[in-house]
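Shown next, in structure tokens, is the structure this report addresses.
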Number of protein chains: 2
Amino acid sequence: MAKVPSPLDCACFNTRKTARVLGQVYDRALEPSGLKNTQFTALAVADAYDGISITDLSKAMEIERTTLTRNLKLLERDGLVKVGPGADGRSKTVILTAKGKRRLDGALPLWRQAHERMLREFGAKRWKSVQKELDAMRDRLHP
Amino acid sequence: MAKVPSPLDCACFNTRKTARVLGQVYDRALEPSGLKNTQFTALAVADAYDGISITDLSKAMEIERTTLTRNLKLLERDGLVKVGPGADGRSKTVILTAKGKRRLDGALPLWRQAHERMLREFGAKRWKSVQKELDAMRDRLHP
DNA sequence: GGTCGAATAGTGTATATACACGTCTTATGG
DNA sequence: CCATAAGACGTGTATATACACTATTCGACC
């Protein structure tokens, strides 16, 4: 008697709703910085890989390239990044402006606080394990 | 020497990107049904709790009520649900139409197939464990 | 050197998401 | 009964997300 799978156990649904909740939590923590969680991540990754191309950044964030293009547009509008010509006539490079760097630096302590609270309330080891499982999940199911 | 936490380990970022990837996977699987994963879930939950109110449905899906209102608008536009008056003069009830029920029934096998593929490629027991961890995470961190 | 496929990027369109507010309805206390 | 709080909903505004296309540029091959 195999149980019929319930849509409530859908992997998509469950990760999505968790992402929604975490998004709210982190957005509230980041609020004083004026950054949303996605923007914070984009800035952080762009800062880590300085002069990264849009496509590479989208791969690093595992986000649709065309989505990232639009997200970057907003960051550019606010003067946080500069999207300039790449090595190639095709590609473009994403660079944090001084303002962007300051903004990121201002947001980092807020994020760290939220992160540490998460580690405290959920468990650091536990999170590490979940993170690894999510990594594996993406690896196996990648579209 | 405690390590400085990296934004790449952000819980929000990691669950979000996983949700993005899974969203793509499931959306492609559901594509023949004409439903997106969120719509599929909404229909499934609304069907399970027939005549549920908008607020209660939003709680069941752990989605912002105002977001759900907009999502429901699209389902209503397509004639898949009917949002009618509730027991109360304030609340409203969400009911699947016959068309909505048919649509859901048509989508279910597609979802099931994707779900089973997921269980196969990732591991059924493993998913059950991850799901439990995600539940716990939301419980502890709820905004 | 011209052609053609691959790489890189942007746009049109549509859905999803959340917050701050405003509206209307019910419940509660005097 | 009335005033006020609490509950349920919708809207304005803004960001996030993805797919199908289109345009441009590089590189490889003849």
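Numbers restart at 1 for each chain; the letters A, B, ... are given by sequence-line order, proteins then strands.
- A/D27 places a side-chain N or O within 3.5 Å of a backbone atom of A/N37 that can act as its donor or acceptor partner.
- For B/R140, the salt bridge (Lys or Arg N to Asp or Glu O under 4.0 Å) test picks out no residue, with sequence neighbours left out.
- A/F40 meets the ring pair (Phe, Tyr, Trp, His ring centres under 6.0 Å) test with A/W111; sequence neighbours excluded.
- Residues passing the side-chain hydrogen bond (donor to acceptor under 3.5 Å, both in side chains) test with B/T38, sequence neighbours excluded: A/R16.
- Sorted by first and then second residue, the salt bridge (Lys or Arg N to Asp or Glu O under 4.0 Å) pairs involving residues 130-139 of chain B (not counting sequence neighbours) are A/R126-B/E133, B/E62-B/R138, B/D135-B/R138.
- Shown here are the salt bridge (Lys or Arg N to Asp or Glu O under 4.0 Å) partners of B/R90, two or more places apart in sequence or in another chain: B/D88.
- By the side chain to side chain contact (heavy atoms under 4.5 Å, CB included) test, B/R102 is found to be paired with B/A98, B/K99, residues two or more places apart in sequence or in another chain being considered.
- At C/dG10, one or more side-chain N or O atoms of A/K92 fall inside 4.0 Å of OP1 or OP2 (strictly under the cut-off).
- Residues in residues 38-60 of chain B take part in these salt bridge (Lys or Arg N to Asp or Glu O under 4.0 Å) pairs, two or more places apart or across chains: B/D47-B/K101.
- Of the residues in residues 93-117 of chain B, not one places a heavy atom less than 4.0 Å from an atom of DNA chain D.
- One can place CG of A/L57 at 10 Å from P of C/dA9, the figure rounded to the nearest angstrom.
- One finds no side-chain N or O of B/T69 lying less than 4.0 angstrom from the OP1 or OP2 phosphate oxygen of D/dC9.
- Partners of B/R103 by side-chain hydrogen bond (donor to acceptor under 3.5 Å, both in side chains), not counting sequence neighbours: none found.
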For nucleotides 15-25 of chain D, 5' to 3', base contacts (B), sugar-phosphate-only contacts (S) and non-contacts (-) with protein non-hydrogen atoms under 4.0 Å give SSBBBB----B

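- Using a 4.0 Å cut-off on heavy atoms, the residues of residues 45-54 of chain B that approach DNA chain D are B/S53, B/I54, listed by number.
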Pair up each side-chain donor or acceptor in residues 66-87 of chain A with any protein partner under 3.5 Å, not counting sequence neighbours, and list the distances.
unit_1	atom_1	unit_2	atom_2	d
A/T66	OG1	A/E64	OE1	3.3
A/T69	OG1	A/R65	O	3.1
A/E76	OE2	A/V83	N	3.4

